[in-house]
Amino acid sequence: MSKNKKLLLIDGNSVSFRAFFAMHNVLDKFVNGDGIHTNALYAFNNMLEIILKDEKPTHTLVAFDAGKTTFRTKMFDEYKGTRDKTPQELMEQLPLIQEMLNYRGIKTYQLPDYEADDIIGTMAHKAQLDDMDVTIITGDRDLTQLATDKITVKVNVKGVTETESYTPEHVKEKLGLTPKQIIDMKGLMGDASDHYPGVEKVGEKTAIKLLNQYGSVEGIYEHVDEMKKSKLKEHLINDKDKAFLSKKLATIDLDAPVSLNLSDLEYQGDNQEQLLQFYQKMNFRTFLDRMDVPQDSAEDLKEIKVQALDEAAIEKIVQSDKVHTLIVEGFGNNYHIDPIVGLLISDGTDFYGTVDFAILENEKLKAWLSDSTKEKYLFDNKATVALLHRYGCDLSGVTFDMLLVAYLLDTNDNKQDIGLVAKNYNINLPSEEEFYGKGVKKAVPEDENVLLNFLAQKAKVIFDLKDKMMAELKDNDQDSLYDEIELPLSNVLAEMEIKGITVEVPKLKEMENTFATKLSEIEQKIYQEAGKEFNINSPKQLGVVLFEDLKLPVIKKTKTGYSTSVDVLEKLKDKSPVVQMVLDYRQISKIQSTYVVGLQKFVQPDNKIHTIYLQTLTQTGRLSSIEPNLQNIPIRIDEGKQIRKAFVPQHKDWEIFSADYSQVELRVLAHISGDEHMQEAFNEDYDIHAHTAMRIFGLDSTDEVTPNMRRQAKATNFGIVYGISDYGLSQNIGISRKQAAAFIESYFEQYPGVKKYMDDIVKYARENGYVETIMHRRRYLPDIHSKNFNVRNFAQRTAMNTPIQGSAADIIKVAMINMQKMLEKEKLQANLLLQVHDEMIFEAPKSEIPTLEKLVPSVMDSAVRLDVPLKVETAHGKTWYEAK
DNA sequence: GTGCTCACG
DNA sequence: ACGTACGTGAGCACC
């Protein structure tokens, strides 16, 4: 009857579930005035707005599951038996979601004894008979069996705002099956998450193969007798009943006793008034903003009156006892060189701003900035300190750095953007990109009032969110991580960056010439061998030469062609002389472009490189270093290591001094796992890798350990820290997967505490949604609940690794802060210049080296108290090269 | 802008 | 059966 009618069907339970876990990391931020969590509600509504806009349905229905028992549990009482309980924080939101849907003019429905799937199947079927187009939105793939020419099934991917569309063509492309055959596939393979069995040893691959041959479960069993004798045939025969039962369980009912007519589903559109009240009750600012209704002006950020930051204003500021928020706005991402564009100071009531930096020469303002009794809030202390330093100002008295707090609360808030943080709290402040534009359009607004108003908005947001964020920090037991580690560290890092490390450019120039000659030599040889000239740096062109012209065997492929990575080339070394040449070329070319040439671009007129440490980026709590990255200067191969000869102390008669923690991650593991054998090894200061080798190879003494055994044990220790898999270990040390699995088993037998830690931490992550370090640094792991095997496994390995890597990061951060204090206290001239995850690099007068050799290890090994000792090794020399 | 490769811990 | 080591940044080719 109607070509242009369109029905939108949503699986309420599965989408709510996904919405909940997609925003699980912000669970505590989304709480309304009544203490009810609203994260799933928020994400669900966000998705709904996008879907309604895209689909423009005329009819809508959201189906929910009615209860625990269904006709399926009657057929098979373990159906969905082992499924985790729905979290309480989600349970309380389900009625709210239904309420909101009502206000949005969308019908909701549930039916005793039936799942949402069956309601959707039935209504989709009805609508199809009526010639309507149907779109189904769901969080899980079970519904894809419903796809037809008229019915499209869209499955949420990555959260809920993106979907993957399943049409019959798409199913064919992905699986090589028709949608209906998905039921047969599930019958054969079963479903782990719904907890019903299929045929033993039959997974997706086998199921698809069988169905391509025989069409359906019925078809398979008609021909099962004709199959060749095989394990598969045996399993099929043994599990015939299971296959048919599972197929039934997997089949969505298209004729459930649903008491709805299509006309009941007509989309009504929003009830503005009720929806408005509802959003207000839920504190949904973003949605209120979109509703285009007048708002409470007290909360409105749109216009803030900014007064001039002049001498009169400064007088008021310095006289005041109030806390002030300070915005020093840089433009560009390198605050060591890019310009400052604006300055704003506010006590929350008055906002004083200027774009004229002569004001920073004002002595009263200078004194106020450096006065530690004058309390200040800001966003990004390190950047602010660095910017002000360039104008001869010191900064002190900062107690709230919103950047650091946001990152500690959730390591995913690592975009260094105040607008993005504000959005997490439902406050509509433009992001840097939204305000300044991006790409070629990126620019400071011509009208300075526009800019100052933006800065005022930032200041206001900082005031508005400070209490809430600090309270969250306390709830998470992270206040001392912030007060005692991250905030003091930001000052230490600022000092290190500002100080910079001296580089001898002539030394780099000299290397550049040497390597250039070497490169062109190898280049010519490669061309000769290959019989043609080509770009060796192009993996594509290189692939053609190696695998087509020279016909070398293809070991690995990438998405786009042949892989030419080191591990592939290593295996092809003896097949053709050109392979070794390419390896040599690659090595030198990397050193040349990234380091010899690359680093020179960063040397400033003071002959120094000033890197930027990102303190709020990594998921584990480590630092990272950019522009340039000084944490990956070559050391493993000698040609590369030469680069370090260009890094020198800033004065004659000074030296570079370095100190690193020995096996800090394994010591952390020994501590947090409490494993007796591993702790003993460290307490007795044994060679840990040899000791591990002795244990896993069942030897009586470390004297029997061969170098190869030690090497393998070392790799296993690393693997353990990374959240081991037999495959990963086998690849790394070139043994079979079986052998690797045996190593791991033996390892866990010898170190049962480690095994227990691995099991417990994954369980902890599942129950709490996050893991934490010894200093309570948190990392949320929503993927721990993923249905996807790979995604879930990755999250599990992360759960194992993060507390280890993160605690090691905590430890060195404490050591850096203590070290800086100690240098000051002892009035040493030595400067802390660099940090490379487990080591600190200093420059110091030669005369101070003996002092440092005692002092630095003692500060580092006493940074925290673990159940095993920390061990520190030091070295020094004229250049960084010699300090190792 | 994305993918590949490779430098570090 | 699935396809894997953990955490980063930068240069180059190619679209």
Side-chain angles (χ1 to χ4, degrees), chain A residues 188-190 192 198 200-209 411 438-439 535-543 556 558-569 582-583 586-587 589-595 597-599 601-602 611-614 617-637 639-641 643-644 660-661 663-665 715-716 718-733 737 740 744 779 788-794 796-806 808-809 812 834-839:
Chain A
L188 292 168
M189 60 188 273
E200 195 173 343
K201 297 267 183 253
V202 172
E204 193 174 294
K205 288 274 157 67
T206 316
I208 291 172
K209 217 177 75 196
T411 47
K438 66 170 177 179
N535 186 346
I536 307 163
N537 282 321
S538 160
K540 199 174 157 194
Q541 294 181 37
L542 180 62
K556 203 165 80 183
T558 66
K559 265 187 257 180
T560 48
Y562 312 108
S563 169
T564 64
S565 61
V566 224
D567 53 314
V568 170
L569 296 189
V582 170
L583 281 167
R586 278 253 181 93
Q587 215 166 68
S589 159
K590 171 83 179 180
I591 296 164
Q592 180 78 316
S593 63
T594 307
Y595 300 103
V597 176
L599 283 175
K601 298 175 195 152
F602 292 101
T611 186
I612 290 180
Y613 288 103
L614 299 182
L617 180 130
T618 70
Q619 294 300 307
T620 55
R622 275 191 178 181
L623 301 175
S624 86
S625 156
I626 58 166
E627 296 186 57
N629 181 355
L630 292 183
Q631 290 181 318
N632 72 346
I633 303 301
I635 187 163
R636 292 172 192 167
I637 33 178
E639 275 101 338
K641 196 173 173 183
I643 303 284
R644 295 181 174 228
D660 68 285
Y661 282 114
Q663 286 123 11
V664 62
E665 293 190 346
T716 311
F718 272 100
I720 291 288
V721 168
Y722 295 153
I724 202 154
S725 76
D726 51 10
Y727 180 85
L729 182 63
S730 73
Q731 287 298 297
N732 197 291
I733 48 181
R737 202 172 148 154
I744 295 167
R779 180 176 186 176
N788 180 307
F789 178 92
N790 286 320
V791 174
R792 190 173 63 246
N793 271 9
F794 184 70
Q796 289 173 357
R797 290 198 296 275
T798 313
M800 301 181 210
N801 173 262
T802 297
I804 303 172
Q805 192 184 118
I812 194 165
L834 303 175
Q835 186 254 42
V836 190
H837 309 307
D838 63 358
E839 70 176 318

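Proteins get letters first, then strands, A, B, ... in listed order; numbering begins at 1 in each.
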- Query: Separation of A/E200 atom CD from C/dA1 atom P, in whole Å?
  - Reply: 10 Å
- Atom CZ of A/R792 and atom P of C/dC2: how far apart are they, to the nearest Å? 15 Å
- Message: Using the P atom as the point on both nucleotides, what is the distance between C/dT4 and B/dT5, in whole Å?
- Response: 14 Å
- Query: Roughly, in whole Å, what's the span from CD1 in A/I812 to P in B/dG9?
  - Reply: 12 Å
- Item | Protein-nucleotide distance (A/Y613, atom OH; B/dG9, atom P), rounded to Å | 14 Å
- Query: Atom CD1 of A/I637 and atom C1' of B/dC6: how far apart are they, to the nearest Å?
  - Reply: 9 Å
- Message: Let's see if you can work this out: which of C/dT4, C/dA1, B/dC6 has an atom nearest to the side-chain heavy atoms of A/R586?
- Response: B/dC6
- Message: Regarding A/V836, tell me which of base, sugar-phosphate or nothing describes its non-hydrogen contacts under 4.0 Å with the strands shown.
- Response: sugar-phosphate
- Query: Do you know which two heavy atoms are closest between A/S565 and A/D567, and how far apart they sit?
  - Reply: OG-OD1, 2.7 Å
- Can you tell me how far CG of A/L542 sits from CZ of A/R586, rounded to the nearest 0.5 angstrom? 5.5 Å
- Describe the nucleic acid contact of A/D838 in one word from base, sugar-phosphate, nothing, applying a heavy-atom distance below 4.0 Å. sugar-phosphate
- Query: Does a side-chain N or O from A/R797 land closer than 4.0 Å to OP1 or OP2 of C/dA5, or not?
  - Reply: no
- Message: Need to verify one output field. Residue with the more 5' nearest nucleotide on DNA chain C, A/F718 or A/K205?
- Response: A/K205
- Query: Taking any strand in view, what nucleotide pairs with C/dG9 in a Watson-Crick or G-U wobble way, both distances under 3.5 Å?
  - Reply: B/dC6
- What heavy-atom pair brings A/I720 and A/I724 nearest, and what distance separates the two atoms? N-CD1, 3.8 Å
- Just checking A/G723: base, sugar-phosphate only, or nothing, at a heavy-atom cut-off of under 4.0 Å? nothing
- Taking atom P in both C/dC2 and B/dA7, what distance in whole Å separates the two? 33 Å
- Under 4.0 Å: is that the gap between some side-chain N or O of A/R636 and OP1 or OP2 of B/dG9? yes
- Item | Interatomic spacing from CZ in A/R797 to OH in A/Y722 - rounded to 0.5 Å | 13.0 Å
- Item | From A/L599 atom CG to A/N629 atom CG, the distance as rounded to the nearest 0.5 Å | 9.5 Å
- Message: Taking any heavy-atom pair under 4.0 Å as a contact, classify A/T564: base, sugar-phosphate, or nothing.
- Response: sugar-phosphate
- Task: Indicate, with a heavy-atom threshold strictly under 4.0 Å, whether A/I635 touches base, sugar-phosphate, or nothing.
- Result: sugar-phosphate
- Message: Give me the distance, rounded to whole Å, that separates C/dG3 from B/dC6 when you measure between the P atoms they each carry.
- Response: 24 Å
- Query: Ring-on-base stacking between A/Y722 and C/dC6, under 5.5 Å between centres and under 30° between planes: is it there?
  - Reply: yes
- So do the side chains of A/N801 and A/V721 get within less than 4.5 Å of each other, counting heavy atoms only? yes
- Nucleotide B/dC8, atom P - distance to CG of A/D660 in whole Å: 15 Å
- Item | Minimum-distance pair of heavy atoms, taken over all atoms of A/D660 and A/E839 | CB-CB, 3.3 Å
- Message: Does A/V202 reach a base, just sugar-phosphate, or nothing at all? Heavy atoms under 4.0 Å.
- Response: nothing
- Query: Tell me: CD1 of A/I591 to P of B/dT5, nearest whole Å?
  - Reply: 18 Å
- Separation of A/K556 atom NZ from B/dG3 atom C1', in whole Å? 14 Å
- Smallest heavy-atom separation, A/Q631 atom then A/Q835 atom, equals NE2-O, 2.9 Å
- Message: Need one value for A/A740: base, sugar-phosphate or nothing, where a base atom within 4.0 Å counts as base even if backbone is also close, heavy atoms only.
- Response: nothing
- Does A/Y613 OH have over 12 foreign heavy atoms under 6.0 Å away? yes
- Task: Using a 4.0 Å heavy-atom cut-off, write out nucleotides 7-14 of chain C from 5' to 3' as B (base contacted by protein), S (sugar-phosphate only) or - (no contact).
- Result: BSBSSSSS
- Query: Where the side chain of A/S725 is concerned, which of C/dT4, B/dG9, C/dA1 is the nearest nucleotide?
  - Reply: C/dT4
